[in-house]
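Heads up, the thing below is written out as structure tokens.
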Amino acid sequence: MTPHPTPTPEHLVIIGNGMAGHRLLEALLERPGRPARITVIGEETVPAYNRILLSPWLAGEMTREALTLRETAWYSDQGIELLLGDRVADIDAGAKRLTTRGGRSLTYDRLVLATGSRPAMPAVEGIGLDGVHGFRDLEDARALTRAATRGGRAVVVGGGLLGLEAAEGLRKQAKATQGREMAVSVLQRADRLMNRQLDATAARLLEDELAARGLSIVTGARLAALEGDARGRVCAVHLEDGRRLAADCVVIAAGITPNAELGQAAGLAVERAIVVDEFLTTSDPAIHALGECCQFRGTTYGLVEPIWRQVEVLADRLSQRQDAALPGYVERPTATKLKVSGVSLFAFGPIEPEDDHEVLTYHDPRQGDYRRLLLRDNRLEGAVLYGDTAAGPWYFEQSLAGHDLSACRQALMFGAGDANALLDDASSPSPATQEAAA
Ligand SMILES: Cc1cc2nc3c(=O)[nH]c(=O)nc-3n(C[C@H](O)[C@H](O)[C@H](O)COP(=O)(O)OP(=O)(O)OC[C@H]3O[C@@H](n4cnc5c(N)ncnc54)[C@H](O)[C@@H]3O)c2cc1C
């Protein structure tokens, strides 16, 4: 391994002080060979915060302070120049210079784009009305909190992770501040909630639980238009089948669009997002991209786990550890969890079984426990767990490792403890074998 050199005289500029950009800073600070001068430019007016926790914050389950990753003073203490509330408007890749909306002009030796993504807004009439929100940043969460405080009817478009967290957040916030229920409907285009992660049984259990809490779930719902009142505020949602749902507030949680336009205008290769190689380098060797604004071998990102692994690769790369032995970024499956308190689900792998999959299921309706495993050649390829999800991480580990689980088949549905013991027994030599070896 090449020893870490001392800091290089390079000037590194990071665009975006979100989850990826911030974590990259933390990783660089652990590496002595990092660039000596680092500047971060972020459009939001506050330093990076834990975006994931916007959901529990909206639900009134935590304080604003708990979201803060580092105070502003930390950046200057570390010698990092932090420019907030300004947006990079243009990159001149030839001159290695960028300009901001606020009129700043900076040169760089290396540049990192960590510009994330934004809510994908459907192209329907009325999408620009007052009272129509995304759920992406602190401002959105504040606007939703105000809406919940006013009460009335909310419609959330999207029955995936984000939509359900927004819907539960609104309901709980309204209850906490008004002491009564807000009428919240969730519109899901597919025939079940979280259709990319859950099978029909788990989705039904989830729907029943959310309905029992007071959410109204409408599946097979196709958004047609939003209706405004005389003041330009949203007042109803229209579906393609002709239904009209009255609404004082609409949340759009129907996917994300990578913020790739800045990179595209700079001449970088862009498909759905900014194209990078396994070292997070774009088509310009001096410019890198990571997080939700990047695309690696056709994949774009929406969860932090792969982004954390990108950060480690890029931090090594930027710290002059460019020896051939350095591992590049490799795509890996990710597991899904939902952050709605009182609801436990854990899922990974394919949802629809293929012909050569063995399907093992366990369902205890009274306990609300459901498990479905997909195996191929005794190897776990997918799992959907609802209720008791304690074994989820163990299943995921087994799947990533590609372990042959034939030795623990009879205990496989009942968690890690017994199954592990059987696997250990199978892998340790039997007394007869030990004697023979002696
Ligand atoms: C409510 C919510 C809940 C979530 N829950 C989970 C979860 O439970 N698990 C999970 O894995 N993931 C979750 N996610 C997704 C996770 O937050 C993202 O994957 C992660 O934030 C991506 O990091 P990023 O740095 O790429 O983008 P971001 O965190 O969005 O950061 C990008 C930053 O760049 C800034 N920026 C953009 N353009 C410019 C420009 N031109 N100039 C300057 N600054 C710019 C933006 O303002 C933003 O601050 C959740 C997301 C949301 C919104």
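Just so you know, these numbers use all the heavy atoms, side chains as well, and skip hydrogens, waters and symmetry mates.
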Which heavy atom of Leu113 sits nearest to which heavy atom of Cys293, and what is that distance?
O-SG, 3.4 Å

Residues which pass side chain to side chain contact (heavy atoms under 4.5 Å, CB included) with Glu10, listed by chain and number, not counting sequence neighbours:
Thr8, Pro35, Asp109, Arg110

For Phe414 and Tyr362: C-alpha separation, side-chain torsions, deciding distance, then whether ring pair (Phe, Tyr, Trp, His ring centres under 6.0 Å) applies.
CA-CA 9 Å; Phe414 302 101; Tyr362 166 84; 5.5 Å; yes

Just to verify, which of Arg372, Glu209, His363 counts as forming a side chain to side chain contact (heavy atoms under 4.5 Å, CB included) with Tyr386?
Glu209

Describe, in one word, how the ring planes of Phe346 and Phe396 are oriented to each other, choosing from parallel (under 30°), tilted (30 to 60°) and perpendicular (over 60°).
perpendicular

Compare every heavy atom of Glu44 with every heavy atom of Leu138, then report the nearest pair and how far apart it is.
N-OE1, 4.3 Å

What one should report as the nearest heavy-atom pair of Arg136 and Arg51 is O-NH1, 2.9 Å

Counterpart residues, side-chain hydrogen bond (donor to acceptor under 3.5 Å, both in side chains), relative to Arg87 (two or more places apart):
Glu43

Out of Val40, Val311, Val112, which one pairs with Leu25 under the side chain to side chain contact (heavy atoms under 4.5 Å, CB included) rule?
Val40

Side chain of Thr177, backbone of Gln173: donor and acceptor closer than 3.5 Å?
yes

More than 12 heavy atoms of other groups within 6.0 Å of Arg189 CZ
no

Counting C-beta onward and ignoring hydrogens, is there a side-chain heavy-atom pair between Arg118 and Asn259 closer than 4.5 Å?
yes

Backbone N/O of Thr299 and side chain of Gln295: donor-acceptor pair under 3.5 Å
no

side-chain hydrogen bond (donor to acceptor under 3.5 Å, both in side chains) against Thr300, all qualifying residues, sequence neighbours excluded
Arg272

Partner set under side-chain hydrogen bond (donor to acceptor under 3.5 Å, both in side chains) for Ser55, not counting sequence neighbours
Glu165

Minimum heavy-atom distance between Pro47 and Leu82, given as atom pair plus value
CB-CD2, 4.4 Å

Going by ring pair (Phe, Tyr, Trp, His ring centres under 6.0 Å), name the residues that satisfy it together with Tyr108, two or more places apart in sequence or in a different chain.
none

Determine which pairs satisfy salt bridge (charged side-chain N to carboxylate O under 4.0 Å, His left out) with at least one residue from residues 153-162, sequence neighbours left out, and list them in order.
Arg153-Asp248

Applying the side chain to side chain donor-acceptor pair (under 3.5 Å) criterion to His403, which one of Arg379, Glu397, Gln398 satisfies it?
Gln398

